[in-house]
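The chain is numbered in sequence order, starting from 1.
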Amino acid sequence: MAQQFVERRGARAHDLTRTARMAAYGGFVFGPAATLWYGVLQRSIRIPSRPNVEILARVAADQCVFASTNLFVFLSTMAVLEGGDPRKKLESTYVEALKKNWMVWPVVQFTNFKFVPLEHRVLVVNVVSLGWNCYLSYLNSMPSGAHIANATYPPDV
């Protein structure tokens with residue numbers, strides 16, 4: 001989606017290897033990790049007398065522990081799979097991506113934890129992730145430091 005709808009590369013310039021890397025990460029790393037994580041949150045953070053405080057605690061744990069770690073692993077993994085330097089990739093993109101993450105995911109996760117049953121939470125995240133993963137794919141494909149010079153980052157589409 002990022003290559004066609006954001007970057008408008010066209011079918012001939014589509015990078016199938018990049019698509020395969022993103023699909024493999026989602027299927028083999030993120031999907032299983034997220035499923036396990038939501039179970040851990042459900043069991044570990046319990047404040048029955050204060051349900052909204054419980055949800056806020058889960059969102060805080062999700063953003064401080066899982067989101068920051070997953071973003072670190074994603075950027076590092078992509079750099080390694082592309083033959084690049086994970087340290088450079090993290091230095092050039094991690095903080096900006098984490099800020100963007102915090103603009104999107106806390107609201108999504110609060111809604112998810114409040115209204116969606118445990119067994120459907122990964123599905124909600126997967127739907128929102130369609131757009132988020134476009135952003136991550138776009139971010140990951142940019143040369144190091146390019147986001148600093150791009151005033152409309154992420155791009156206006």
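- To the nearest 0.5 Å, the span separating CG on N52 from NZ on K114 amounts to 4.0 Å.
- For the residue pair N126 and F30, the shortest heavy atom distance occurs at OD1-CE2, 4.3 Å.
- The shortest distance between side-chain heavy atoms of N140 and M22 does not fall below 4.5 Å.
- Between the side chain of R18 and the main chain of S137, a donor-acceptor pair closer than 3.5 Å is present.
- Between A61 and I45, the shortest heavy-atom contact is CB-CD1, 3.7 Å.
- In this structure, S141 contributes its side chain and Y138 its backbone to a donor-acceptor pair below 3.5 Å.
- Taking the side chain as every heavy atom from C-beta outward, R9 and D15 approach each other to under 4.5 Å.
- Counted by atom type alone, R58 and Q42 present one or more donor-acceptor pairs between their side chains at under 3.5 Å.
- Formation of a donor-acceptor pair under 3.5 Å by the S92 side chain with backbone atoms of K89 is found in this model.
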request  = Evaluate side chain to side chain contact (heavy atoms under 4.5 Å, CB included) for L41 paired with Y38, printing each intermediate quantity in order.
outcome  = CA-CA 5 Å; L41 280 179; Y38 292 130; 4.2 Å; yes
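- Taking CD1 from I55 and CG from D62, the interatomic distance works out to 13.0 Å, rounded to the nearest 0.5 Å.
- Rounding to the nearest 0.5 Å gives a distance of 9.0 Å between CG of L123 and CG of N112.
- Hydrophobic clustering (side-chain heavy atoms under 4.5 Å, transitive across Ile, Leu, Val, Met, Phe, Trp, Tyr) groups V108 together with F66.
- The two residues R21 and M78 come nearest to each other via the heavy atoms O-CE, 3.6 Å.
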Full working for side chain to side chain contact (heavy atoms under 4.5 Å, CB included) between V125 and W105 = CA-CA 9 Å; V125 168; W105 287 104; 4.0 Å; yes
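- The OG1 atom of T77 sits 10.5 Å away from atom CD of E82, with the distance rounded to the nearest 0.5 Å.
- With hydrophobic clusters built from ILVMFWY side chains whose heavy atoms lie under 4.5 angstrom apart, V116 does not share a cluster with W132.
- Residues L136 and L71 meet the side-chain proximity criterion, which asks for heavy atoms closer than 4.5 Å.
- At a threshold of 4.5 Å between side-chain heavy atoms, the hydrophobic network of Ile, Leu, Val, Met, Phe, Trp and Tyr places V122 and V107 in two separate groups.
- The shortest distance between side-chain heavy atoms of Y25 and L81 does not fall below 4.5 Å.
- Under the 4.5 Å side-chain criterion, counting only non-hydrogen atoms from C-beta, V29 is not in contact with F74.
- Heavy atoms of other residues, nucleotides or ligands lying less than 6.0 angstrom from OH of Y94 number more than 12.
- The two residues P32 and G27 make their nearest non-hydrogen contact at CD-O, 3.4 Å.
- A donor and an acceptor atom, one from each side chain of Y135 and N101, are nowhere located under 3.5 Å apart.
- Following chains of ILVMFWY side-chain contacts shorter than 4.5 Å, one can reach W102 starting from L75, so the two form part of one hydrophobic cluster.
- Using a 4.5 Å cut-off between side-chain heavy atoms of Ile, Leu, Val, Met, Phe, Trp and Tyr, with links allowed through other members, I47 and F110 fall into different hydrophobic clusters.
- A distance-only check finds no donor-acceptor pair linking the side chain of Q63 to the backbone of S68 [under 3.5 Å].
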